[in-house]
Amino acid sequence: MSASTNTKPLLLLAPSALVVMAPFVASLVILAAYSVDYGPNGVGPDLTIWRNFLSDGYSWSVIATSLRLAASVTLITLLVAYPTACAILRIRNPLLSAIAYVILFSPLLMSVVVRSYGWLLLLADRGFVNSLLAASPFGLGPYRLIYNETGVVIALVHILLPFAVLPIIGALLQIPPIYREAAADLGAGPAAIVWKVTFPLSLPGVIVAAEIVFALAVSAFVTPSVLGGGRVLVLSRLVYENIGNVQWGLAAVQALILLAIAVGALLILERFNRSTFAKRAG
Amino acid sequence: MQPDVVLSRVEKSFAGDAVVRGVDLAIRRGEFFSLLGPSGCGKTTTLRMIAGLEAPTGGSISIRGVDMAGVPIERRPTNLVFQKLALFPHLDVFDNIAFGLKLRKTPAPEIRRRVAEMLDIVRLSGFETRSVASLSGGQQQRVAIARAVVNEPAVLLLDEPLGALDLKLQTHLQEELRQIQRALEMTFVYVTHNQAEAMAMSDRIGVMNAGRLEQVGAPADLYLRPATRFVASFIGQTNLIDGRIDAIEDGKLRIEAGGLRFVADAHAGATVGAPATVSLRPEQIRLTKARDDGSDALVIADATFMGASVNYRLQGRGLTLLAQATGEAAPLPVGARVDATWLPDAAVTVAADGAGTAK
Ligand SMILES: Nc1ncnc2c1ncn2[C@@H]1O[C@H](COP(=O)(O)OP(=O)(O)OP(=O)(O)O)[C@@H](O)[C@H]1O
Ligand SMILES: [Mg+2]
């Protein structure tokens with residue numbers, strides 16, 4: 001693309017860039033300032049807080065927990081979201097389709113706190129889920145589903161599902177039916193069409209879904225706090241605690257690392273997006 | 001030759017709009033059959049019904065003696081070259097062409113060999129790893145042809161496959177397609193709105209108009225004995241002259257129109273005094289300088305020098321006639337008064353549109 005064709009989209013982006021970027025850049029600057037400021041009577045700006053945090057094994061275990069949690073939530077959400085998106089698009093009856101969308105969005109209609117405590121009840125040792133498992137012909141359980149990562153993952157997948165389903169539906173809708181026709185004409189049955197045509201062509205939507213879900217999961221606070229019961233320590237939790245303890249410098253460092261993880265994941269996924277569709281663009 | 005693809009009383013309507021009406025057609029095995037007709041006449045729809053992409057709303061289609069009603073697209077012995085190409089944007093040229101072969105678990109070396117062969121035929125060797133989006137329209141069209149032909153289906157359906165190509169490539173691929181079709185004894189159903197292309201390539205042509213099959217026949221048949229006004233004027237140029245049946249003798253009709261006289265083979269149901277339309281090809285008309293007294297002679301209103309021939313527009317007796325003269329030393333001047341003559345059997349009667357005897 002030449003320079004002249006590039007300027008127009010930039011101009012069009014300007015208003016939203018201003019609204020989104022200005023507060024973002026401002027808070028980044030403030031966070032950065034806090035992270036290098038060593039106490040009220042400190043010796044001036046230096047990297048002591050950074051050094052202390054990064055050399056502590058505990059910090060790394062929290063970072064690992066955050067990453068592991070966000071990654072597994074992203075993966076499971078996508079695995080659930082993709083067939084869900086396909087199923088919703090299959091619904092021909094407009095009323096049923098509307099009902100499906102309402103059900104899909106139902107997690108968002110509830111306050112995050114209420115929802116988290118709801119899951120706590122459902123997943124408790126003698127809660128609904130464990131009773132169900134015990135009553136099943138296999139007599140399973142009881143399983144420990146709360147105050148550990150399992151419960152956090154389950155509750156996060158629940159709330160984040162609509163954020164994943166929507167971009168996938170969008171991508172699926174954008175695939176002209178003629179590609180499926182061509183595949184069928186060349187001998188592809190329904191499964192082969194999905195695997196060889198529909199899925200690869202919907203990858204951009206899947207990647208957008210992954211980006212959104214990962215960013216929301218890695219920075220989630222209420223759900224890990226409630227369902228983790230203080231035993232699942234993630235970065236957002238540390239930030240919260242340190243602000244409470246007036247450890248603003250440390251909180252700033254952790255917030256910046258959290259941001260770096262989210263941005264890093266975004267860049268990696270975008271990269272992947274581009275390489276899958278480099279062929280399409282030529 | 002036994003019929004390969006049989007359409008009987010096939011109908012298709014979209015939301016009540018009849019798009020294909022009562023098409024009866026038997027395409028022979030190993031035949032190069034063209035469906036010819038103007039834009040919107042239902043060619044693509046007919047082809048898509050044979051491929052299984054569209055279900056007929058009436059009638060039935062069978063291929064090799066098997067009724068296709070319950071046979072899904074992927075199990076039909078057909079491949080379609082889509083008018084809109086439909087190349088897979090996420091696959092490169094090689095993978096697009098290899099798509100069908102891979103689905104049939106063809107061994108990799110054979111896939112490579114056959115794709116390379118096809119690329120050679122469509123003159124795209126070296127383009128294997130190019131993305132289809134980076135190709136020109138004509139190159140994409142050739143990939144689309146290769147993607148279908150490489151599977152060597154019993155019946156190959158082609159929907160205006162050469163539309164976006166320059167004349168030279170068009171001629172080259174016309175020859176190649178014809179050769180492939182003969183060598184593999186495939187049945188081709190070839191859709192085009194280009195009558196010259198259909199005439200040049202086809203064993204037989206079905207002329208479609210407004211969802212109906214007006215006439216089916218060999219190219220020469222259609223040209224020399226068009227059944228309807230539509231066929232006569234769609235294939236080549238012609239003069240359509242409305243007149244009246246003067247007499248019927250020895251199986252011949254004598255028709256009079258604007259003082260001109262024609263003789264044509266009688267058709268069933270012809271009665272003296274009934275209106276009739278004759279078709280007279282411009283090249284059948286001989287022009288001679290009119291005798292001085294000829295008050296009802298024709299006047300040359302327009303003359304176009306075409307190189308090998310001269311096209312004249314003649315006026316007089318309430319008629320406008322097109323005439324084409326070849327091998328003349330000098331064209332007759334505009335305004336000249338001429339007499340027009342033709343051989344007795346040069347004219348044919350044609351029926352009104354849609355009344356064709358397509359069988
Ligand atoms: N899916 C559809 N829904 C509604 N109408 C349709 C559909 N497909 C085709 N038609 C209509 O059917 C008629 C015939 O279309 P078709 O594509 O078969 O024409 P065609 O002969 O292939 O024309 P062209 O030479 O322009 O490709 C057109 O009037 C078109 O608008
Ligand atoms: Mg068409």
Side-chain angles (χ1 to χ4, degrees), chain A residues 1-2 5 78 82 85-86 89-90 92-94 167-210 269-282, chain B residues 44 47-48 50-54 71-106 127 129-136 139-140 143-144 146-153 155-159:
Chain A
M1 242 191 270
S2 73
T5 55
L78 291 182
Y82 201 90
C86 294
L89 286 180
R90 286 259 166 99
R92 287 279 159 267
N93 183 324
I168 295 173
I169 284 183
L172 287 172
L173 281 177
Q174 273 185 17
I175 304 173
I178 196 169
Y179 294 130
R180 290 191 282 273
E181 291 183 349
D185 182 69
L186 291 165
I193 292 176
V194 170
W195 185 237
K196 292 186 159 236
V197 177
T198 314
F199 180 68
L201 286 177
S202 67
L203 265 183
V206 174
I207 288 166
V208 169
L269 285 167
E270 263 318 296
R271 179 88 214 204
F272 184 57
N273 196 2
R274 263 159 218 264
S275 67
T276 354
F277 274 78
K279 285 174 175 174
R280 181 185 246 187
Chain B
T44 296
L47 219 54
R48 285 172 59 85
I50 299 174
L53 296 167
E54 218 81 71
V71 182
I73 312 164
E74 68 269 19
R75 277 197 252 122
R76 295 198 177 192
T78 57
N79 280 123
L80 172 62
V81 180
F82 286 74
Q83 185 171 17
K84 290 175 188 155
L85 307 185
L87 297 176
F88 302 119
H90 59 296
L91 300 178
D92 62 16
V93 169
F94 182 95
D95 285 336
N96 261 283
I97 299 175
F99 195 90
L101 296 176
K102 281 183 182 168
L103 281 169
R104 273 183 280 139
K105 309 256 182 300
T106 313
F127 281 69
T129 57
R130 284 279 290 275
S131 80
V132 291
S134 73
L135 303 180
S136 75
Q139 290 166 339
Q140 289 179 354
V143 175
R147 183 177 70 173
V149 174
V150 77
N151 303 297
E152 300 179 4
V155 181
L156 187 68
L157 311 167
L158 304 100
D159 200 348

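Quantities reported herein were computed from a predicted structural model and do not represent experimental measurements. So you know, we letter chains A, B, ... as the sequences are listed, proteins then strands, and number each from 1.
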Pairs under 3.5 angstrom only: tabulate donor-acceptor contacts from the side chains of residues 168-176 of chain A to other protein residues two or more places apart or in another chain.
none

Please set out all donor-acceptor pairs under 3.5 angstrom arising from side-chain atoms of residues 72-79 of chain B, sequence neighbours excluded.
from, atom 1, to, atom 2, distance (Å)
R76(B), NE, V71(B), O, 3.0
R76(B), NH1, M49(B), O, 3.2
R76(B), NH1, I50(B), O, 3.0
R76(B), NH2, M68(B), O, 2.7
R76(B), NH2, V71(B), O, 3.2
N79(B), ND2, D185(A), O, 2.9

Nearest non-hydrogen partners of Y179(A) and F88(B), listed with the distance: O-CE2, 3.3 Å

Quick check: under 4.5 Å, non-hydrogen atoms only, which of residues 191-198 of chain A neighbour chain B? A192(A), K196(A), V197(A)

Residue pair A188(A) / F99(B): nearest heavy atoms and the distance that separates them: CB-CE2, 4.4 Å

Go through the atoms of R147(B) and report whether side chain, backbone, both or neither lie under 4.5 Å from a heavy atom of chain A. both

At their closest point, which heavy atom of L103(B) faces which heavy atom of A183(A), and how far apart are they? CD1-O, 4.4 Å

I178(A) side, atom CD1; Q83(B) side, atom CD - distance, nearest 0.5 Å: 9.0 Å

Top of L87(B), N151(B), T129(B) for chain A proximity - count of heavy-atom pairs under 4.5 angstrom: L87(B)

With sequence neighbours excluded, residues passing ring-ring contact (aromatic ring centres under 6.0 Å, His included) with F82(B): none

R90(A) atom CZ: more than 12 heavy-atom contacts under 6.0 Å: no

